[in-house]
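Note sheet for the following structure.
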Amino acid sequence: MAAELRELGFLHLGRAESGVRRYGQLIADEARTRDGLAITEVEAGRVDQSSEQLAQVAAGLSGCDVVLMQWNKRGWGKYGRALPRLMRFRRGYKGALVVTLHDVFDRDGFRQRYLRSDTWSLRQLGRTADLIVVHSQIEVERLRGIIPVEKLRVIPHFVEARELPLSPEEARAKLGLGDRKVVTLLGFVYGRKGHRYAVEAVPYMPDDAIMVYAGGPIEGRTFVYDLALQKAEELGLGDRVRITGYLSEEELSSWMAATHLAILPFTDLSASGSMSSWISSGKPMLVSDLPGTREYARRVPGALNFFGPAGEAWPLGSAISELLAKPLADPDPGVRRLAEELSMSNTVDRYLEVVDEALTTRS
């Protein structure tokens with residue numbers, strides 16, 4: 001870490017339950033454990049409620065050498081609102097700025113790359129930030145031509161330390177699952193995670209296996225959730241599909257502990273909090289064969305099981321059946337090694353290297 005770095009600031013904003021908001025908080029918490037580094041955190045709340053807070057927030061960070069903040073469309077505002085909010089903050093805080101981008105997906109065609117308001121916000125962010133962090137190399141390629149590539153740095157999404165409180169057998173007994181094989185898809189029920197078609201894979205799974213959607217719909221966005229329920233009814237799946245709805249941390253841990261096989265049937269992947277959660281648990285994992293998931297696998301070869309093509313029920317169901325037909329190590333040693341590689345401590349070390357670079361570039 002550069003000797004010149006005395007104070008590191010964190011700007012937090014967005015919904016309290018937001019995964020992006022939580023990401024920034026956990027990075028800040030780990031940074032506080034480092035010797036010789038002062039941490040300043042400021043809270044902007046939900047900028048869609050009071051964007052004028054950003055001027056006050058900027059003033060609170062004015063003494064920092066470098067500020068770290070998170071960026072996603074939902075947190076800063078849709079429909080052209082993000083750009084003026086960014087500029088309001090940047091007029092008040094003029095020091096070195098490192099921004100982590102979340103939810104970086106493809107932008108195809110002239111309209112998405114040049115006309116959409118959120119793309120223009122990203123372009124301006126690329127001009128005003130000193131360095132920008134993304135979670136994978138595929139995200140670098142998605143941003144090419146929008147943000148200068150020389151400003152982009154890759155830091156993979158962290159994996160939290162997690163100890164499940166119950167053994168698999170205890171958890172299955174607690175949840176009344178008996179001897180059934182538990183296949184779990186974790187997180188909010190929405191399109192890119194594969195909930196829409198994963199339910200159609202159930203007929204191809206072993207008869208003693210159940211598909212669990214461990215989560216519920218995002219408020220106001222129930223289309224995929226409703227479609228999954230409709231598909232389950234059409235296929236006559238009965239209790240072979242379980243959608244839990246929102247889970248407390250204790251309930252979530254129980255369902256994760258009870259799981260034989262975690263599935264991540266993404267149709268597209270930016271960074272994934274649910275993938276990080278599964279890695280932290282050490283559970284065997286079956287993932288879509290996508291460029292983003294292959295980046296994880298290159299860090300620890302053999303840690304992940306793949307199926308493809310993504311977005312189709314039969315390959316998913318067939319891969320589930322094949323894996324459940326043999327004993328699965330729980331915890332999986334490859335997944336455990338991957339968790340160590342992506343630990344919070346290693347992640348913050350990587351961030352401090354980027355912070356050092358941003359400050360050095362300014363000096």
Side-chain angles (χ1 to χ4, degrees), residues 17 19 22 26 159-190 193-195 198-199 201-219 224-225 228-229 231-233 235-265 272-287 303-305 316-317 319-336 338-339 344:
E17 67 273 22
R22 184 172 182 271
L26 290 172
V159 167
E160 297 177 66
R162 179 189 294 270
E163 291 296 331
L164 296 174
L166 301 175
S167 71
E169 295 75 19
E170 290 170 337
R172 289 192 280 271
K174 176 182 177 181
L175 296 169
L177 297 170
D179 295 329
R180 304 185 79 173
K181 299 290 179 65
V182 183
V183 178
T184 306
L185 202 172
L186 176 65
F188 285 117
V189 179
Y190 70 94
K193 287 190 175 181
H195 295 88
V199 66
V202 175
Y204 305 107
M205 291 167 31
D207 292 340
D208 63 346
I210 65 169
M211 173 81 70
V212 176
Y213 287 4
I218 298 174
E219 183 178 354
V224 174
Y225 172 84
L229 290 177
K231 286 286 185 183
E233 185 174 353
L235 295 170
L237 299 178
D239 68 352
R240 298 191 67 198
V241 173
R242 182 90 58 94
I243 303 180
T244 66
Y246 175 78
L247 296 171
S248 68
E249 189 63 32
E250 180 181 353
E251 292 168 332
L252 175 64
S253 293
S254 294
W255 279 106
M256 293 181 72
T259 296
H260 290 84
L261 178 66
I263 62 168
L264 297 101
S272 168
S274 59
M275 186 159 189
S276 295
S277 293
W278 282 124
I279 293 171
S280 73
S281 76
K283 290 287 180 174
M285 297 168 61
L286 174 65
V287 303
L304 303 177
N305 300 286
L316 173 60
I320 291 170
S321 293
E322 184 176 341
L323 287 169
L324 292 181
K326 57 187 179 183
L328 292 173
D330 185 3
D332 185 290
V335 177
R336 284 292 198 214
L338 188 56
M344 184 67 72

Under 4.0 Å between a side-chain nitrogen and a carboxylate oxygen: does that hold for R240 and E233? no
For a side chain to side chain contact (heavy atoms under 4.5 Å, CB included) check, start with the C-alpha distance between L304 and L286, then their side-chain angles and the critical distance, and finish with the verdict. CA-CA 6 Å; L304 303 177; L286 174 65; over 6 Å; no
Atom pair CG/CG of L264 and L186 - distance to nearest 0.5 Å: 8.0 Å
Checking the side chain of T259 only, and the main-chain atoms of A262 only, is there a donor and an acceptor separated by less than 3.5 Å? no
In short, D330 meets P168 closest at the heavy-atom pair OD2-CG, 3.5 Å
Can you confirm whether R180 sits close enough to L175 that some side-chain heavy atom of one is under 4.5 Å from a side-chain heavy atom of the other? no
Heavy-atom closest pair (L324 atom, K181 atom, distance to 0.1 Å) is O-NZ, 3.5 Å
Side-chain donor-acceptor contacts of residues 206-213 below 3.5 Å, not counting sequence neighbours, with atom names and distances?
residue: Y213; atom: OH; partner: H195; partner atom: O; Å: 2.7
residue: Y213; atom: OH; partner: V199; partner atom: N; Å: 3.0

Verdict with reasoning, S276 to E160, per side chain to side chain contact (heavy atoms under 4.5 Å, CB included): CA-CA 7 Å; S276 295; E160 297 177 66; over 6 Å; no
Inspect the contact between D332 and K283 and indicate whether a charged nitrogen and a carboxylate oxygen are less than 4.0 angstrom apart. no
Test item: E170 and L164 side chains (from C-beta on) under 4.5 Å apart, heavy atoms: no
Could you tell me the separation between the CZ atom of R336 and the CD1 atom of I279, rounded to the nearest 0.5 Å? 11.5 Å
So, for K193 and G187, which heavy atoms are closest and what is the spacing to 0.1 Å? NZ-CA, 3.5 Å
From CG (L247) to OG (S254), nearest 0.5 Å: 9.0 Å
Nearest 0.5 Å, what's the CD1-CG distance between I320 and N305? 11.5 Å
A side-chain contact here means heavy atoms from C-beta on lying under 4.5 Å apart; do L237 and P203 qualify? yes
After noting the C-alpha distance and the side-chain angles of V287 and M275, does the key distance pass the side chain to side chain contact (heavy atoms under 4.5 Å, CB included) rule? CA-CA 9 Å; V287 303; M275 186 159 189; 4.2 Å; yes
Intermediate values then yes/no, side chain to side chain contact (heavy atoms under 4.5 Å, CB included), T184 and I263: CA-CA 6 Å; T184 306; I263 62 168; over 6 Å; no
May I ask you to test the R172-H260 pair for a side-chain heavy-atom distance under 4.5 Å? yes
Looking at L316 and P265, what are the two nearest heavy atoms and their distance? CD2-CB, 4.0 Å
At their closest point, which heavy atom of P165 faces which heavy atom of S253, and how far apart are they? CD-CB, 3.7 Å
Taking atom CZ of R162 as the centre, report whether more than 12 heavy atoms of other residues, nucleotides or ligands fall under 6.0 Å from it. yes
Pair E250 + K174: basic N to acidic O under 4.0 Å: yes
Roughly how far, to the nearest 0.5 Å, is OH of Y246 from CD1 of I218? 13.5 Å
Heavy atoms from other residues, nucleotides or ligands near CD of E163 exceed 12 (cutoff 6.0 Å): no
Heavy-atom pair with the smallest gap, counting every atom of A257 and A171: CB-CB, 3.7 Å
To the nearest 0.5 Å, atom CH2 of W278 lies from atom CG of L261 at 9.0 Å
Could you pull out all residues at least two apart from Y225 that satisfy side chain to side chain contact (heavy atoms under 4.5 Å, CB included)? V189, P217, L229, I243
